[in-house]
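First the structure, in the form of structure tokens, and then the observations on it.
Order of the sequence lines sets the chain letters (A, B, ...), proteins ahead of strands, with each chain counted from 1.
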Amino acid sequence: MLESKISQVVAEAVKELYTLIVEANTIILQKTRKEFEGEFTVAVFPFVKASRKAPEATANEIGSYLKNKLEEIEDFNVIKGFLNLQIKKDYWINFINQNNSESYGINEINDNNTVLIEYSSPNTNKPLHLGHIRNNLLGWSVAEILKANGKKVVKVNLVNDRGIHICKSMLAWLKWGNGETPETSALKGDHLAGKYYVLFDKHYRAEIATMIANGTEKETAEKQAPLILEAQEMLRKWEAKDPETIEIWEKMNSWVYAGFDETYLRLGVDFDKTYHESSTYLLGKHIVEKGIADNVLKKKDDQSIWADLTAEGLDEKLLLRSDGTSVYMTQDLGTAELRYNEFEPSQMIYVVGNEQNYHFDVLKLVLKKLGYDWAEAINHLSYGMVELPAGKMKSREGTVVDADDLITEMENTAYDKAVELGKIEDFDNDEAKKLYHTIAMGALKYFILKVDPQKNMLFNPAESIDFNGNTGPFIQYTYARIKSLLRKAEWNTNVKINHNTSILAKEKDIIRLLHEYPAVIKNAGENRSPALIANFVFELAKEFNSFYQEIPIFKEENEELRNFRLSLSAFTSNVIKSAMMLLGIDVPEKM
RNA sequence: GGUUCCGUAGCUCAGUUGGAUAGAGCAACAGCCUUCUAAGCUGUGGGCCACUGGUUCGAAUCCAGUCGGAAUCACCA
């Protein structure tokens, strides 16, 4: 790689010139700012103490050294303490001729270690909402980015298909459902389950209100309302494998799964393996028992078992209840072990909201305390909440943005826009439908993924997601434009650029961005951040549009120049497509 | 209260891991379609990078404190 080569020689230069030893990888090589001549810049301030010369003189000396040693360097200039390096045109032409393909920047698997990534992890008592969308898109995209970095990736889902919340839906359905099914109600299965979950809550609250009105304490009422007791009884029956309960449970869950599958399909996310909590919730007990035996966990008088993490600055954490049943943490210890034994991954990434930061700190610490050295492999990809202008989404207040509704709404908006702009006049029905789905999802996915994962983000339902400016459709449009250009030119991908071709500043800006792409993929992988890809591809599209507007291609009479510009356009389209794929966004050939 | 994360233009977000005059988009305003797709391009205005101090050649970025916001601290998941 050119950058590391330059860093290497800079290190050599300061060693030879000033007997200063620096590691090549600590030398900061940055992109030269547009207002200056050159492609790469070295800040020489760190070397002036050793050179005992002014920054300018130091930069000049290092510059001369580099120019002599590196054939790729055409020339250099110095402004203040900044050494700007100009790279030979030959290097850039070769770069284009050798890399212009859809696979540029994407690595084949080059690492035998497996990376396991869990995302989605829905509860089966209600449909997916906007929060899940962020989770799914992030998880899927990070998986793709890691693959592009040469990792072997296994995508898993852990479906929370049991527990008190599911019993609430089941109970409400039994009581007030009159045998309603997705078929008879024309409701998606997950929405049907959600409907009864809400219904349960409504009646439950009414019971509590009545009890409070009759003089019961609020807390007692919440614990003793007949409905909640009934739901708890149902959970006990489920755990005892009562056939009737299991039957309803299976029926309801199967409706929900069908609903989820539909949403996942529209969203374009998938999994290599799906775990169900109903078959993992009992795991982990033996781990806890081993911890007791090894004396790293303690048992209290009431027989409950705890991990004491006060030495690590945290609290005590319950691992087994006094009645011997497990809690969430116990199960997570078990599933972590299960997965580790199954895949022996070098990394286990959990895409889970930042509300569970504490949980994962504890999970890691407990595993470490218990002596599992693979605890270090556990990696919580913690992402911020999606907030509405009024704050957090609250299902009780009906402010939850439903995933299916949002996707449909986006499709409608995309359709309206396309009609308004006269874009789909020569499209047949299927093509048009496909196009507005592609654009709708492009807008939605880009909107979510361009934001740094760890930050909370705001979604305003009143202002629908934009289609202009820094958006998915903007980038898709740029791609479609290039493809139209290439179709008209009957572009042949085998054409190589002549070395005599001159390169304009605007073109150089694009080449520099294209050249950066592999580094962006690497960075995005290390930081597990699709946002880095999103910001990069936006910048590339913006740069291309500016070039496209300003510099004629077909009107150019010089064939070499025309070919160069077409080749540059084709290269740009390849990188746009590839980067958008990493985000899970399709790009249309026409729009 | 303890812990963690966040605070950058009116709004939504970047800021390449400490570098040059802090950038985009939206919104506002002014231009550009008989010329490769105007979902585009060009320009104008808009900033105490929450505040205070420290570290050094150099800080939006690192450290400490203050203020503001969020999350979390269950025999829930």
Next item on the list: If the glycosidic angle is within 90 degrees of 0 it's syn, otherwise anti, so just tell me which one B:U17 is.
Entry: syn
Next item on the list: Tell me whether A:Phe474 is stacked on the nucleobase of B:A39, counting only the six-membered base ring and applying the 5.5 Å and 30° thresholds.
Entry: no
Next item on the list: With the side chain of A:Phe82 defined as its heavy atoms from C-beta on, choose the nearest nucleotide among B:U37, B:A77, B:A20.
Entry: B:A20
Notebook entry, point to check: Which nucleotide, B:A39, B:C57, B:A20, lies nearest any side-chain atom of A:Met591?
Noted result: B:A39
Check: Can you find a side chain N or O atom of A:Lys423 that sits less than 4.0 Å from OP1 or OP2 on B:A39?
Finding: yes
Item checked: Partner nucleotide of B:A30 by Watson-Crick or wobble geometry (both distances under 3.5 Å) -> B:U42
Item checked: Nucleotide opposite B:G25 in a Watson-Crick or G-U pair, distances under 3.5 Å -> B:C11
Notebook entry, point to check: Rounded to whole angstroms, how far apart are CG on A:Asn527 and C1' on B:U17?
Noted result: 8 Å
Note to self: At less than 4.0 Å, is any side-chain N or O atom of A:Lys483 found next to OP1 or OP2 of B:U37? Yes or no.
What the structure shows: no
Check: So, does the side chain of A:Thr41 form a donor-acceptor pair with the base of B:A20 at under 3.5 Å?
Finding: yes
Note to self: Just N and O in the side chain of A:Gln454: are any of them under 4.0 Å from OP1 or OP2 of B:C6?
What the structure shows: yes
Notebook entry, point to check: Under 3.5 Å, is there a donor-acceptor pair between the A:Asn470 and A:Tyr446 side chains?
Noted result: yes
Note to self: Are A:Phe554 and A:Trp491 an aromatic pair, judged by ring center distance below 6.0 Å?
What the structure shows: no
Check: Cationic tip of A:Lys300 within the cone over A:Trp306's six-membered ring, i.e. under 6.0 Å and within 45° of the normal?
Finding: yes
Item checked: Among B:G25, B:G15, B:A39, the nucleotide that comes nearest once only the side chain of A:Leu532 is considered -> B:G15
Note to self: Apply the syn/anti split at 90° from 0 to B:C67 and say which one it is.
What the structure shows: anti
Margin query: Using OP1 and OP2 only, check whether a side-chain N or O of A:Arg481 sits under 4.0 Å from B:A38.
Written below: yes
Check: More 5' along RNA chain B: A:Glu316 or A:Asn160, using each one's nearest nucleotide?
Finding: A:Glu316
Note to self: Should A:Phe45 be counted as stacked on B:G58, where stacking needs a ring-centre gap under 5.5 Å and an angle between planes under 30 degrees?
What the structure shows: no
Next item on the list: Assess whether one donor atom and one acceptor atom, taken from the side chain of A:Asp315 and the base of B:A74, lie less than 3.5 Å apart.
Entry: no
Check: Does NZ or CZ of A:Lys590 come closer than 6.0 Å to the centre of the six-membered ring of A:Phe427, within 45° of the ring's axis?
Finding: yes
Checklist line | Phosphate OP1/OP2 of B:G7 contacted by A:Lys455 side-chain N/O (<4.0 Å) | finding: yes
Notebook entry, point to check: For B:A39, does OP1 or OP2 lie under 4.0 Å from any side-chain N or O of A:Tyr477?
Noted result: yes
Check: So, is A:Arg321 close to the B:A77 phosphate, meaning a side-chain N or O under 4.0 Å from OP1 or OP2?
Finding: yes
Next item on the list: Could you work out which one of B:C36, B:U37, B:A77 sits closest to the side chain of A:Ile553?
Entry: B:C36
Note to self: At less than 3.5 Å, do the side-chain atoms of A:Asn357 and the base atoms of B:U3 form a donor-acceptor pair?
What the structure shows: no
Check: If each of A:Pro552 and A:Gln30 is mapped to the nucleotide of RNA chain B with the nearest heavy atom, which maps nearer the 5' terminus, i.e. the 5' end?
Finding: A:Gln30
Item checked: Sugar-phosphate, base or nothing in reach of A:Ala480, heavy atoms under 4.0 Å -> base
Check: Atom CG of A:Asn354 to atom P of B:U72: distance rounded to whole Å?
Finding: 9 Å
Next item on the list: Among B:C57, B:U21, B:G25, find the nucleotide with the atom closest to the side chain of A:Arg33.
Entry: B:U21
Next item on the list: Please check the phosphate of B:U37 (OP1 and OP2 only) for any side-chain N or O of A:Ser484 closer than 4.0 Å.
Entry: yes
